[in-house]
Amino acid sequence: MTWDPNVPAVFGKPNVAPTSVFMERVAAVMASGWLTNNGPRVRELEELISEFLNVKHVVMVTNATIGLQIALRALVSAGEVIMPSFTFAATAQAATWCGYTPRFVDIDPVSQQLDINKIEAAITPQTRAILPVHMWGEACDVRAIQDIANKHGLKVIYDAAHAFGSTYGDIPVGGFGDAEVFSFHATKCFNTLEGGAVTTNCDETAERLRQIRAFGMTPCGVDAIGTNGKMSELHAAHGLSLLPELPAIIRWNNHILDVIEASFSGIDGLRIVPTRYRGRTNGQYAILQLTRHAEQRDALIESLNGRGIHCRPYFAPPCHLHTGCKDAGHLPHTEFAAASTIAIPSGMQLSEARAKAMCDVIVREFHALTSAYMTVADVLQRKSA
Ligand code: T4K
């Protein structure tokens with residue numbers, strides 16, 4: 001099959017719950033007279049997710065950004081938090097919003113995850129926590145990270161925004177470190193339109209998370225600085241209606257990722273970032289990297305967008321180059337990843353044949369752009385010779 005640009009594919013296209021199932025729940029919520037603040041659907045979803053992730057406590061929140069803030073507030077006192085710079089702005093902003101200082105560490109160029117060999121050199125007397133990201137759904141090296149944290153007396157909070165349904169070996173992401181934070185934004189394979197969850201196996205942490213989620217209130221008063229991180233019943237209703245579909249979504253995502261990986265295997269200058277070597281993942285992300293000719297990344301995105309393949313650069317610029325964070329110096333692997341990475345369409349919107357046809361277009365456009373570039377470069381070289 002050839003690619004039809006009139007039937008576009010979109011990075012981030014939401015998975016939506018079956019409309020009739022969702023609308024039935026919406027009607028029940030509206031008739032119930034209980035719309036938010038730890039309502040029955042939020043509690044039901046917390047229970048189902050707790051079972052799914054095999055973790056003791058699940059605290060639903062309005063989004064992962066607020067979830068990260070709540071987890072940091074619950075676990076960390078003022079100081080520095082070690083994290084990757086190659087991540088969504090939310091990871092760093094959650095820490096700065098709470099008054100903590102991000103200490104950015106470079107990534108491993110293969111996995112695009114926080115380089116565990118560089119963590120210890122970044123630890124100072126002010127360091128309080130490590131905030132690694134299960135990048136693109138691949139679980140971090142949780143054992144190595146926990147060893148470093150134990151040795152230095154640090155908390156570990158995982159940004160698990162991408163990793164709902166992923167595993168480390170056979171163990172689901174959700175119970176590692178002191179807490180893990182998931183995003184249930186519309187673009188995630190499982191979503192509550194906007195939403196997220198903080199998970200932990202610690203009773204005391206869970207109690208604190210719940211308290212901070214609702215203004216720091218206890219039955220007797222207010223004894224913590226809290227926020228409003230409560231999820232509404234309508235958001236939970238979407239989650240409840242989509243959750244039964246998740247196993248099929250994960251299966252198909254992974255099948256399409258197989259097709260995409262096979263299509264780029266052996267193509268010089270392009271690779272798919274590996275995401276399935278420490279365990280299983282939700283298969284949601286197909287992340288393409290230009291290992292050569294990264295200067296053509298934006299031109300490639302523009303050309304693909306014009307052909308109905310809607311892609312995005314991530315995460316550019318990386319966090320250490322954001323306003324207010326420009327003190328981390330040079331992080332070479334992070335900067336190269338930010339300049340060379342493209343999130344391409346994947347998952348439920350693609351059939352096998354469409355996935356293959358899409359990849360063929362990407363390879364063809366890459367070759368067209370880079371051979372043109374080589375010609376110009378050759379001309380310039382010849383002129384200067
Ligand atoms: N930590 C990490 C590592 C994260 O990646 C994220 C978020 C967070 C923390 C914070 O999670 P939340 O606070 O959001 O729960 C998107 C998502 O908004 C964001 O959730 C996600 N990560 C990030 C990787 O991607 P944008 O600004 O690129 O999203 P947006 O809304 O422009 O959507 C991207 C594409 O998705 C669009 O170009 C088209 C498609 N799309 C999007 C929406 C919302 C649709 O087709 N339909 C839609 O309704 O950040």
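Order of appearance sets the numbers: ligands from 1, and atoms from 1 within every ligand. Side-chain atoms are counted along with the backbone in the values below, which use heavy atoms only and exclude waters and symmetry mates.
Ranking the protein heavy atoms by distance from atom 22 (N) of ligand 1 puts Lys188 NZ, 3.1 Å first. Remark: minimum distance from atom 6 (C) of ligand 1 to any protein heavy atom is reached at Phe88 CD2, 3.4 Å. From the protein, the heavy atom lying nearest to atom 9 (C) of ligand 1 is Asp159 OD2, 3.5 Å. Closest to atom 5 (O) of ligand 1, if we only count protein heavy atoms, is His162 NE2, 2.8 Å. Residue, atom and distance of the protein heavy atom nearest to atom 18 (O) of ligand 1 are His185 CE1, 3.0 Å. In this structure, atom 48 (C) of ligand 1 lies nearest to the protein heavy atom Pro14 CG, 3.7 Å. Shortest contact from atom 33 (O) of ligand 1 to any protein heavy atom: Thr187 CG2, 3.7 Å. With respect to atom 25 (O) of ligand 1, the closest heavy atom belonging to the protein is Tyr314 OH, 3.3 Å.
Counting heavy atoms under 4.0 Å from ligand 1, residue Ala64 touches it through both backbone and side chain. At a heavy-atom distance under 4.0 Å, no atom of Phe184 approaches ligand 1. The proximity of Arg312 to ligand 1, defined as any non-hydrogen pair under 4.0 Å, is limited to the side chain.
Proximity of Gly195 to ligand 1 is established by a heavy-atom distance of less than 4.0 Å. Heavy-atom distances between Gly196 and ligand 1 stay at or above 4.0 Å for every pair.
For Trp136 and Phe315, the ring centers sit closer than 6.0 Å to each other.
Within ligand 1, counting atoms from 1 as listed, the ones closer than 4.0 Å to a heavy atom of Thr87 are 3 (C). Taking a cut-off of under 4.0 Å to the non-hydrogen atoms of Thr65, the atoms of ligand 1 that pass are 10 (C), 12 (P), 13 (O). Ligand-side atoms of ligand 1 in range of Lys13: 46 (O), range being under 4.0 angstrom from any heavy atom. Per-residue contacts place Ala90 under 4.0 angstrom from the following atoms of ligand 1 (heavy atoms of the residue considered): 8 (C), 9 (C), 10 (C). Remark: ligand 1 atoms within the under-4.0 Å shell around heavy atoms of Gly12 are 36 (O), 40 (C), 41 (N), 45 (C), 46 (O).
Considering both main-chain and side-chain atoms, Ser183 comes within under 3.5 Å of ligand 1 through a nitrogen or oxygen pair. Ligand 1 has no N or O atom lying under 3.5 Å from any N or O atom of Tyr285, backbone or side chain. Note: no N/O pair closer than 3.5 Å links Ala186 and ligand 1 by distance alone.
Two residues are said to be in side-chain contact when any heavy atoms from C-beta on lie closer than 4.5 Å; Phe164 and Leu246 meet this criterion. Contact check for Met358 versus Leu350: side-chain heavy atoms found under the 4.5 Å cut-off. Put simply, the side chain of Arg25 reaches to within 4.5 Å of the side chain of Leu240, judged on heavy atoms.
Smallest separation of non-hydrogen atoms from Asn191 and Ala186: ND2-O, 3.6 Å.
Around the CD atom of Glu302, the shell of radius 6.0 Å holds no more than 12 heavy atoms that belong to other residues, nucleotides or ligands.
Under the 30°/60° scheme for interplanar angles, the aromatic rings of Phe182 and Phe184 are found to lie parallel.
At a cut-off of 3.5 Å, with distance as the only test, no side-chain donor of Asp170 or Thr167 sits close to an acceptor on the other residue. Side-chain contact check for Asp106 and Thr334: at least one donor-acceptor pair (N or O, by modelled atom type) lies under 3.5 Å. In summary, the side chains of His57 and Glu46 do not present any donor paired with an acceptor at a separation below 3.5 Å, with no hydrogens or angles considered. For the residue pair Glu365/Ser303, the side-chain donor-acceptor check at 3.5 Å is satisfied. Using modelled atom types, one finds no donor on one side chain facing an acceptor on the other under 3.5 Å when comparing Arg73 with Gln211. With hydrogens and angles left out, the side-chain atoms of Thr199 and Glu180 include no donor and acceptor closer than 3.5 Å.
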